[in-house]
Amino acid sequence: QVQLVESGGGLVQAGGSLRLSCVASGRTISRDAMAWFRQAPGKEREFVAGIHGSGGMTSYADFVKGRFAASRDNAKNAMYLEMNSLKPEDTAVYYCAVRSGTILVTFTQAYEDWGQGTQVTVSS
């Protein structure tokens, strides 16, 4: 089992930026797909961005394309989410997740391990 710890959330004004971090422990995840999801109050958890376990190709939800960038540092067993041009509708708890496989998928059921989440609040 992998333990995931997110950090970097906070309160920011619209148009601002934040960088989320997710550090894994328990095993090496360099070959595993990793993803960021978010959940706003009263809404379903949704895919935001992720990285395939092989080759590092990234994928993004349409609502963050051009604003968010996902990256990983296998030497640190970590993943990051650079969030720019933040909007009030980006307000949510952001979770990182890992699945035992190289292929990135966008549905929550595919991920075995989750972090505790970090709150991102964007004020207008």
Side-chain angles (χ1 to χ4, degrees):
Q1 190 175 4
V2 177
Q3 291 77 47
L4 302 171
V5 178
E6 301 101 333
S7 61
L11 173 64
V12 64
Q13 288 188 332
S17 300
L18 284 173
R19 185 176 189 249
L20 305 184
S21 299
C22 174
V23 179
S25 61
R27 66 175 175 81
T28 300
I29 56 169
S30 59
R31 295 189 176 190
D32 296 333
M34 300 184 72
W36 290 97
F37 289 80
R38 71 185 188 187
Q39 188 166 19
K43 294 189 176 182
E44 298 284 323
R45 191 169 296 189
E46 61 183 356
F47 173 80
V48 176
I51 306 176
H52 288 268
S54 177
M57 187 169 61
T58 54
S59 181
Y60 300 93
D62 287 344
F63 52 78
V64 302
K65 281 182 180 177
R67 301 189 298 125
F68 290 12
S71 61
R72 65 192 300 166
D73 185 338
N74 289 333
K76 296 182 178 180
N77 230 27
M79 177 175 68
Y80 308 96
L81 185 66
E82 189 74 36
M83 305 188 295
N84 300 308
S85 302
L86 283 161
K87 305 174 182 180
E89 51 263 44
D90 294 319
T91 295
V93 177
Y94 283 71
Y95 299 89
C96 68
V98 174
R99 64 183 301 264
S100 297
T102 59
I103 306 299
L104 176 69
V105 297
T106 62
F107 51 94
T108 59
Q109 295 90 336
Y111 292 83
E112 301 96 357
D113 298 295
W114 294 81
Q116 82 288 352
T118 184
Q119 176 70 47
V120 171
T121 303
V122 184
S123 63
S124 57

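Reckoned from all heavy atoms, side chains included, excluding hydrogens, waters and symmetry mates.
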For the student: nearest non-hydrogen atoms of [X] and [Y], plus distance:
X	Y	answer
L81	A49	CD1-CB, 4.0 Å
E6	Y95	OE2-CA, 3.2 Å
A14	P88	CB-CD, 4.1 Å
S17	N84	OG-OD1, 2.8 Å
V12	L86	CG1-CD1, 3.6 Å
Q119	A92	NE2-O, 3.4 Å

From [X] atom [atom1] to [Y] atom [atom2], the distance as rounded to the nearest 0.5 Å:
X	Y	atom1	atom2	value
E46	F63	CD	CZ	3.5 Å
K87	S124	NZ	OG	14.0 Å
F68	L20	CZ	CG	8.0 Å
L4	S25	CG	OG	7.5 Å
E44	Q39	CD	CD	7.0 Å

With a cut-off of 3.5 Å and sequence neighbours excluded, list every side-chain donor-acceptor pair involving residues 101-111.
from: Y111; atom 1: OH; to: V105; atom 2: N; distance (Å): 3.4
from: Y111; atom 1: OH; to: V105; atom 2: O; distance (Å): 2.6

Could you tell me whether a side-chain N or O of [X] sits under 3.5 Å from a main-chain N or O of [Y], the two making a donor and an acceptor?
X	Y	answer
D73	A78	no
Y60	A70	yes
E112	S100	yes
T91	V122	yes
N77	I29	yes

Quiz prompt | Matching residue for D32 among R99, R72, R27 - test: salt bridge (Lys or Arg N to Asp or Glu O under 4.0 Å) | solution =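 When R99, R72, R27 are each tested with D32, the salt bridge (Lys or Arg N to Asp or Glu O under 4.0 Å) holds only for R27.
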Practice problem: On the 0 to 90° scale, with breaks at 30° and 60°, tag the F37-F47 ring pair as parallel, tilted or perpendicular. | Solution: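 Correct class here is perpendicular.
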Practice problem: Salt-bridge test for K65 and D62: reply yes if a basic N is under 4.0 Å from a carboxylate O, no otherwise. | Solution: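 Counted as a salt bridge, because a side-chain N and a carboxylate O are separated by less than 4.0 Å.
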Quiz item: So if you build clusters from Ile, Leu, Val, Met, Phe, Trp, Tyr with side-chain heavy-atom gaps below 4.5 Å, do Y94 and Y80 land together?
Solution: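 No, Y94 does not connect to Y80 through the hydrophobic network.
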Quiz item: Hey, any chance V93 and W114 share a hydrophobic cluster, counting ILVMFWY side chains that come within less than 4.5 Å of each other, even indirectly?
Solution: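 Cluster IDs for V93 and W114 match.
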Quiz item: Just wondering, do V23 and K76 contact through their side chains at under 4.5 Å, heavy atoms?
Solution: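 SC-SC contact between K76 and V23 ruled out.
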Quiz prompt | Any R38 side-chain heavy atom under 4.5 Å of D90 side chain | solution =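 The answer is yes, as the side chains (C-beta and beyond) meet within the 4.5 Å cut-off.
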